[in-house]
Each structure stands twice: as C-alpha cells, then as structure tokens.
Amino acid sequence: MNPKNILIIIRQAPYSSTLPAAALDILLTAAAFEQNITLLFMGDGVLHLLSEQNATSSGMRNISKALPSLELYEVKKIFLEESALHKRKIENEELVMPLATLSLPEIAEVTEKADQVFNF
Amino acid sequence: MNPKNILIIIRQAPYSSTLPAAALDILLTAAAFEQNITLLFMGDGVLHLLSEQNATSSGMRNISKALPSLELYEVKKIFLEESALHKRKIENEELVMPLATLSLPEIAEVTEKADQVFNF
Amino acid sequence: MILHLINKSPAKSSALEDCIAVLQAKKSTSAMMLIEDAVYLTVSQAGNEALHEKIRTLALPCYILKEDLTIRGLSLDLADCFSLVDYAGFVQLSLDYDKVQNWS
Amino acid sequence: MILHLINKSPAKSSALEDCIAVLQAKKSTSAMMLIEDAVYLTVSQAGNEALHEKIRTLALPCYILKEDLTIRGLSLDLADCFSLVDYAGFVQLSLDYDKVQNWS
Amino acid sequence: MQSFTLVIYGSPESQSSSTALNYARALLKSGHEIYRLFFYQDGVLNACSFNTPTQDEENLPVIWQTLIQEHRIDAVVCVASALERGIIDAAEAERYELPASNLREGFEISGLGQLVDGLINSDRLINFLP
Amino acid sequence: MQSFTLVIYGSPESQSSSTALNYARALLKSGHEIYRLFFYQDGVLNACSFNTPTQDEENLPVIWQTLIQEHRIDAVVCVASALERGIIDAAEAERYELPASNLREGFEISGLGQLVDGLINSDRLINFLP
C-alpha cells in the first residue's frame, strides 16, 4: 500500500492547549509507519518556533525542543505560513530552526493534496 | 458574621463550557449559607436565557430550566447587561423570565460593592 | 474537495476566519460544516453578519448542524448563506467530500 | 479597587476587551493582571497594539506575570503600558487590592 | 458501505464527546461501519469505569460502552494519554502496584499506532476536537 | 499574615493547575497561609492517585500532594465534580461497589459548602480558571 500524505497543521499557541503536543506524537507515530508527512505552522502556531522557551514551571510539554530533531525521523517537509512571522514582528533569527514559507494559495494546494489533515 | 455580598457573572455561552453550571452550583450553595447574592448575565451569557433550549443530546447540563426557580432560594437580584440582548437581536419575549438590566457603569458599581466576584 | 469542520464560536476562535482566508486564496469546490459552538455564527449580530457576507462572497456551501441549533434554543430560520443538516446529513457530507479537515 | 485577573489570549477570548469596557464605564483605581495565555497581548501585532492604546488611555496599571512570558519565549522588553511582576508580586497585588476578579 | 475511524479528543464534560457519539450512531444507522474508535488526550476519560454522576446528567462512559458492546466496536484508548490521566488497565495496575483497574469493560489500551492504522485502513478518519 | 482559599478548576493538563501551584508556593514563601485548597470541576483530576505519566512531564498530582502534606494544608475535592469524573474515596468505592479508591492521600472529598466556608472565613478567595 502506498504511504498516505498526511498534513499536520499547528495553529494553537504554546501552553494554551495540549493539542500541539498531540500533533507531534501523531507525527512521530505516522513517521514510524513510513507515511509521507508535511508539517505546517500557521497563525499563533509559529510561536512554538521561538527559541527561548523554557517550560519548567508550566506543567505542560514544550515541543520547540523536539523540532530540530524531526529530520532524524525523515520529516523534511516543514513549513510556516508566510505572513505569520511578519504579523507578529518576529525575525527569522529568533526561531529554533530556519523554515521555508508557504503562501495561502500554496497552503490551499498542500491541503487539497493531503489524504488526511490534522489541524490543531 | 454579616453575610458576604457575592456577585456571580455568567459570560460564557451555553454548552461551550461547564463553568456556567459551576456558577449555578456555587450560587445555590452560597444561598443555602444565607449569603447575599447577585446574579448577572453579560455578553454571550444572555444566551442561557433563551427559552427554547433542549439539552437532550448534548451530554451537558442546561441551566435555563433552573433559573425561574431561583426565587425559591431567595435569589432575587438577577440582572442582565443592558446591551447584550439588543446586540444579538434577541427580544425580551424569547427569554425564560423577564429581567432588569444594568448599564456598564452600574455593572462597574455592583462589581465594586461585591465582597467576592465569580465571573465565569 | 474538503469538508471544513468548525466547532468554535467566532467569538472564541479565529477558526472560521482562518478557514475562509484559505478558501479565498484558491478556487475550490470545498464546503464548511459548522457544529457545536460554531453554530452561534447564525445569530444576527454585527460581527457575525460581516462573516455571513464573506461566506456569500465565497459562494461555497456552509452547513449548520440542526441539533446544535436546537439544544441552544437558536432559530432554525437561517440567513441564505446557510443550509441545515442533521447528523445523517453530516455523515453523508463526510463521504461526499474527499476528507474532513478540522478547524478548532 | 479590584485586581482584574485575565488568563486568555486576546485572540481566543473577549475577556480583556470586556474588562476594559467595564473599566472605561466608571472611573476607578483598579488594575489588570495578565497571566497564562493573556501575556500574548505583549506581542507587537496589529490587534494587540490597538489594545495597548486602550490600556494607555485607561491609565490603570496592567501587570504581566514574568514567568508566563519566560516559558513562552516572549520578550521581557515590554511596551510602556505594562509592568512585570513575579509570583511574589502577584500574591502581594492580590492583597493590595480589595478582591481579585477573573475574566476568562 | 464505508468504514470510519473516529478520534475522540474531549472528556465526557466536553460537548465534543457527545457529538462523536451522535455521529457514530448516525453512521451506523446509515449502514456504514466503524473500523475503530480511538480515544486520545482527555478523550481517554470516556473510558473510566469509576464515574458515578449524581446529578441528572448522562453518564457518557456508560453510553459509549453500550454502543461499543452492542455493535462489537474496536475501542482503543491511547496508552500515553491514559497513564497521564490515571486511566489504567489490569496489567498497568499490577505494574505500577495500584489497587485496581479503572478501565471500563469494552475499551482496550494501546498505542498511537492504532490511530495511524485506522487512518491507513479505513475510508474516513474524523477528528472530534474539544 | 493573611489567609487564602484557592479554587482550582483546571485538570493537571491545563496550565491553570500549575499557575495555582506556583501561586500557592509564593504565598507560603511570603509568610501567608492557605486556609483551604478547593478542587472543583476538572480540577478534581489533580487528586487522582492512578496517574503514572510516562513522558518527561511532571506528575502534578504528586507535586500537589507533596505541597499539601509538607504544609498540612486542608485540600478538599468537590464531591459532585469528583463522582462525575470518576474520582472516588474509599467510602464511595464501597457504596458504588467499585474495586478501589483512586483519591490520592492528602486530599479529602467534601461538598461545595467548603468553598463557601473558605470564602467566608479566609481573607482572599482566588479562582484559577482553566
């Protein structure tokens, strides 16, 4: 059976919800099943990419530390929404890793091509 | 000891949260302890007052049915935010019970006079 | 062809607006399905009416789960940009479209 | 004299706006205390900056819980309408004001 | 006939659990089948056997269980979510030296692989977010 | 020295539980006292004794318990919220014929009257909403 195209979108800000951590766990499991994975950060989801996070006193999982290691899991298609950084006046240098961007029409296209979307 | 002035504000829409039901339970308990209670519906909270609700298939508690019986518990100060109905194009006749309204300056005053506010 | 499933009130989440922004960006034959607190969008109030207008301009179907209007005591007499469906209709729509995508 | 405690992001809740509306309606010596996701208000983006301006006009203190900025990796270099406090400061503020009122 | 995997993320207190339940009933009534129910995140609380609501509220775990047993549905509870939230089966009760299991009969604890398997092997995977 | 009642409405998965915990530590450090902790709504899940997180996450129920026992704090769990969510003490386990209690030691199940008593008899009642 051909691998499925799975698109995982993270739109929620860190610490507001456990869904982004759930998304990461689905991603890692699907990667272990050798599915074809795309990860996209939209809207407030880009705040997960800020490099200075420190979860110690929050009781919640911080996914920013796991992101740079995703390549080890053969997850190479990681994008962020084009305007999301600019809107929040965040510079590329503040991110844990450099990422390619997608415009809204490109996001629409990636979404249409996916077999399944997890949009958290 | 003098009774405390307790203000309970319901601002969340029905079925979006269990907090409005929690507010009602606090109100009934405080009434049993003979505290001085004011109940205020603000913003989307006024939607609890719609008379046609039917919670059967939601799995969540519906507080609208309990409201008309609050007088039995000596809870007589029940208000709604002045502009909340108008903003939602809801007519007085659609409500489970008629209520007096408070303007924002009046709400500010009631809030200041309370010893404790539960704002859900 | 995606069925976009939205379950949050427009007062509490940008889910619907973000979904509309993507639908505006590229012509498609997708649809929106509003459940749970998202059905508060049908209440005629200022912020909602601006969203109704955006949905009209998109000219894509926007389905409302009838049961979620009923339990909230909201009117079933909807603006012309909406269509009512029950749970059986919701299931059928999930199959009519290629996939269901959540917005929360 | 109320300490208004707000814990939701302005993107997810009208809590802060509703609180400001009440504070605008009647002159008081109250204050706002922003914790958890409410600290996302400090990020300089369009919608937030309009709220910063409203807080400046109110001319009431708006405290930000430092720990909640730190765990989110947000800048501690805040706009002039905000003051940083730690948990000890938060406890002291709860006592300095007559009561603490939540907005969620 | 099409097959569905439903993923339930919300606790019995969230409306999303009831929505998933109503959706499950409607799809069975329309002649489709449920390949798997996957309870994830707070959704695992739907599998607790200790709930005894006193109020006039419905006991959602009991309603889920009835549906699962009547239709012999594969109902999987995510192990990581369950352990974090204090839902344990007999094996884990023994392993962690806890006095009893509180996993309701009809539910089974397993890994996220079962969600991905559902995605691969059923016609539709529907997420019910809280 | 002032006395506080803290009401915790959020589960261990919600940041509000950690916020309440940090606040509790800070007030004790400042020389004030906790009249009562009241666990309400999903907050009762902080009193579960079956949690065994496998990840690198903190076990919040254990951290609450440590604070409660070290400072001999009165920690009350709302009975209605607890029964709805499957948190039971030994008496309820017997009453409902369930195999064991899953209420963590240090916590006690009681009614909402304890919240109102906290409101009346302490200097400040602070709500930690999820």
Side-chain angles (χ1 to χ4, degrees), chain B residues 2-24 26-27 30 35-48 79-88 101-120, chain D residues 1-39 41 47 50-51 53-63 65 90-104:
Chain B
N2 288 331
K4 299 263 185 186
N5 292 314
I6 301 176
L7 170 63
I8 294 178
I9 305 177
I10 297 185
R11 282 175 60 248
Q12 314 260 354
Y15 308 106
S16 55
S17 158
T18 58
L19 286 175
L24 190 74
I26 290 174
L27 184 152
Q35 305 299 300
N36 186 4
I37 296 161
T38 304
L39 174 61
L40 167 64
F41 292 89
M42 284 181 76
D44 282 345
V46 299
L47 297 165
H48 287 276
F79 303 99
L80 54 85
E81 183 191 359
E82 197 174 41
S83 58
L85 288 187
H86 177 74
K87 270 189 191 160
R88 290 165 184 78
T101 61
L102 293 180
S103 66
L104 282 186
E106 286 168 331
I107 289 174
E109 205 169 307
V110 169
T111 307
E112 278 170 19
K113 282 189 183 149
D115 295 307
Q116 180 77 44
V117 182
F118 293 92
N119 180 9
F120 292 167
Chain D
M1 279 185 64
I2 305 174
L3 185 67
H4 292 280
L5 181 59
I6 298 158
N7 74 337
K8 288 283 186 303
S9 161
K12 290 271 189 75
S13 164
S14 61
L16 178 65
E17 280 193 83
D18 294 350
C19 173
I20 289 175
V22 173
L23 290 171
Q24 282 171 335
K26 183 168 182 292
K27 209 175 148 51
S28 74
T29 51
S30 295
M32 289 157 279
M33 167 90 221
L34 273 47
I35 64 170
E36 299 172 6
D37 279 2
V39 307
L41 176 71
L51 288 166
E53 202 45 44
K54 281 193 182 182
I55 293 171
R56 272 188 205 100
T57 309
L58 270 180
L60 295 177
C62 184
Y63 299 99
L65 187 60
F90 179 14
V91 169
Q92 189 55 48
L93 287 167
S94 318
L95 294 168
D96 292 344
Y97 289 81
D98 295 332
K99 58 182 170 279
V100 177
Q101 172 176 348
N102 302 72
W103 295 81
S104 183

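Here is how names work: the chains are called A, B, and so on, in the same order as the sequence lines, proteins then strands, and each is numbered from 1. What you are looking at is a predicted structure, and each value in this text was computed from that prediction instead of being measured.
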What part of [X] gets closer than 4.5 Å to chain D, counting heavy atoms only: side chain, backbone, both or neither?
| X | answer |
| --- | --- |
| B:E109 | both |
| B:D115 | backbone |
| B:S17 | neither |
| B:I9 | side chain |

Any chance the side chains of D:S14 and D:E17 put a donor and an acceptor closer than 3.5 Å? no
Would you say B:T101's side chain and B:E82's backbone share a donor-acceptor pair under 3.5 angstrom? no
Please walk me through it: do D:V22 and D:H4 pass side-chain contact (heavy atoms from CB on, under 4.5 Å)? CA-CA 11 Å; D:V22 173; D:H4 292 280; 5.7 Å; no
For B:K87, look at atom NZ and say whether over 12 heavy atoms of other residues, nucleotides or ligands are found less than 6.0 Å away. no
Heavy atoms under 4.5 Å from chain B: which residues of residues 95-104 of chain D carry them? D:K99, D:V100, D:Q101, D:N102, D:W103, D:S104
Step by step, work out the side-chain contact (heavy atoms from CB on, under 4.5 Å) result for D:L16 and D:K54. CA-CA 11 Å; D:L16 178 65; D:K54 281 193 182 182; over 6 Å; no
Could you go step by step and tell me if D:L60 and D:S28 meet the side-chain contact (heavy atoms from CB on, under 4.5 Å) rule? CA-CA 9 Å; D:L60 295 177; D:S28 74; 4.2 Å; yes
Between D:K12 and D:D37, does a salt bridge (Lys or Arg N to Asp or Glu O under 4.0 Å) hold up when you go through it step by step? CA-CA 9 Å; D:K12 290 271 189 75; D:D37 279 2; 5.3 Å; no
Could you give the distance from CD1 (D:I55) to CG (D:L41), rounded to the nearest 0.5 Å? 5.0 Å
